[in-house]
Amino acid sequence: MDATPAALPRRRWPGRFEITSVHVLAAILLLGLCATPLLTRIGDASIKFQAATTIFVSVFVQAVPFLVLGVLVSGAIAAFVSPALLQRVLPNSTTGAICVAGVAGMAVPGCECGSVPASRRLIDHGAPSSAALTFMLAAPAINPVVLVATAVAFTGEPAMVAARFTGSLATALITGAIWARVGRPEWLTPRAVRHTHDTDGTKWSVFTEAARHDLLQAGSFLVLGAAAATALRLLVPPSIYATLTGNIALAIVVCASLAVTLALCSEADAFVAASMSALPLLPRLVFLVVGPAIDVKLFAMQVGSFGRPFALRFAPLTLLVAVACGTITGLVFLGGVR
């Protein structure tokens with residue numbers, strides 16, 4: 001059996017203080033404030049820089065409140081809600097357990113990085129793997145924080161909220177049902193893993209550590225997503241968007257690929273999708289359905305928690321189901337390919 005990996009030691013300055021990621025983040029913010037006059041002068045000389053700054057800040061500022069709310073809820077879940085609680089309420093039948101686990105995602109919001117170890121713990125507590133994996137896909141995609149953020153990002157398009165909820169829930173339930181039929185226990189590698197959110201110590205320490213970890217990790221991906229959204233708005237020629245608008249299948253593939261590679265936090269991805277205003281709603285919906293289900297970050301975490309044989313089979317299955325469910329719900333709720 002593999003030994004539990006030891007946590008990497010943090011660097012300490014003798015007689016002073018411990019350098020953590022919070023201090024690094026504070027230093028970066030301070031550097032940004034000090035560089036503001038220089039950036040302002042550059043912006044005054046460049047219209048494109050001004051446009052890029054406006055787009056980046058608008059995406060980031062709109063998403064931050066929901067990101068903070070999401071990580072606070074995630075920290076509370078890590079500290080006060082045990083996976084054993086969900087395991088006790090799951091029905092004995094596989095179908096019933098999958099349905100309950102999918103619906104439980106509405107009541108137990110959390111980030112993607114927390115849903116992977118939570119599902120691992122559910123399996124360790126004896127829950128069916130199909131139900132645990134259904135919960136893993138549903139929790140970060142259909143919780144109230146994500147749906148409210150989607151409603152705010154797509155003001156004037158209420159159908160996007162219903163489409164995202166339906167497409168994401170269908171992705172979780174269908175993937176779980178398929179895994180119940182084709183999944184094999186030997187594909188899940190038994191190993192001792194260090195969970196993303198440490199469960200040792202007091203509930204308050206667990207809450208603060210989980211919230212801090214999620215905020216720093218999700219915030220870094222939000223910066224990447226806002227930068228990518230800015231680049232897509234300013235650097236991609238209009239002819240490319242015209243091609244994608246005229247070829248909806250290609251647009252869906254492109255948006256699904258962006259969702260996998262950008263690895264955004266589900267509490268903030270709606271604002272990035274909303275900024276892609278040159279694209280039709282349907283491919284942007286696929287972006288929102290695919291992102292919380294599978295991306296490069298989640299694939300790496302699944303390899304660490306469940307083993308490579310599992311991840312190599314589950315990730316392609318999830319991607320195919322998510323693209324199909326996002327496309328079908330988009331056609332139903334959004335009235336075509338607009």
Side-chain angles (χ1 to χ4, degrees), residues 1-5 83 94 97-98 101-102 105 110-141 167-197 217-218 221 224-225 249 252-266 269 286-328:
M1 179 179 295
D2 296 337
T4 303
T94 301
I98 290 173
C111 68
E112 295 93 326
C113 64
S115 65
V116 175
S119 63
R120 174 79 253 187
R121 291 195 293 269
L122 281 173
I123 295 175
D124 293 341
H125 280 84
S129 60
S130 57
L133 297 174
T134 299
F135 174 79
M136 180 181 73
L137 296 176
S168 296
L169 180 59
T171 298
L173 295 177
I174 293 174
T175 304
I178 294 175
W179 190 259
R181 296 183 63 87
V182 304
R184 298 291 182 268
E186 58 268 23
W187 293 344
L188 293 170
T189 304
R191 62 176 63 186
V193 297
R194 181 170 65 89
H195 298 307
T196 302
H197 300 318
Q217 176 166 304
F221 284 108
L224 175 63
I252 289 173
V253 172
V254 170
C255 285
S257 301
L258 284 174
V260 172
T261 55
L262 290 181
L264 298 176
C265 173
S266 59
D269 59 359
V286 173
F287 176 88
L288 296 178
V289 173
V290 170
I294 181 63
D295 57 38
V296 290
K297 171 180 88 270
L298 289 173
F299 178 79
M301 295 186 67
Q302 290 171 8
V303 170
S305 294
F306 301 105
R308 187 176 299 275
F310 165 84
L312 290 176
R313 292 171 172 85
F314 190 76
L317 170 64
T318 305
L319 178 60
L320 291 175
V321 174
V323 171
C325 289
T327 301
I328 294 173

Where do [X] and [Y] come nearest, in terms of heavy atoms and distance?
X      : Y      : value
Leu298 : Asp295 : N-OD1, 2.7 Å
Phe135 : Pro140 : O-CD, 4.4 Å
Gly102 : Leu173 : CA-CD2, 4.1 Å
Gly176 : Ser130 : O-CB, 3.4 Å
Ala293 : Leu137 : O-CD2, 3.6 Å
Ala259 : Gly291 : CB-N, 3.7 Å

Non-hydrogen side-chain atoms of [X] and [Y] separated by less than 4.5 Å:
X      : Y      : answer
Arg313 : Arg184 : no
Val260 : Val290 : yes
Leu312 : Phe299 : yes

Once you round to the nearest 0.5 Å, how far does [atom1] of [X] lie from [atom2] of [Y]?
X      : Y      : atom1 : atom2 : answer
Trp179 : Thr94  : CH2   : OG1   : 14.5 Å
Leu262 : Cys255 : CG    : SG    : 10.0 Å
Ile252 : Thr327 : CD1   : OG1   : 3.5 Å
Leu133 : Leu188 : CG    : CG    : 7.0 Å
Ser168 : Leu288 : OG    : CG    : 8.0 Å
Ile98  : Ile174 : CD1   : CD1   : 11.0 Å

Indicate yes or no for a side-chain donor-acceptor contact from [X] to the backbone of [Y] under 3.5 Å, with no hydrogens or angles considered.
X      : Y      : result
Arg181 : Ala177 : no
Thr175 : Ala172 : no
Thr318 : Ile294 : no

Original post:
Taking the inter-plane angle between the rings of Phe306 and Phe310 on a 0 to 90° scale, is it parallel (under 30°), tilted (30 to 60°) or perpendicular (over 60°)?
Top reply: tilted
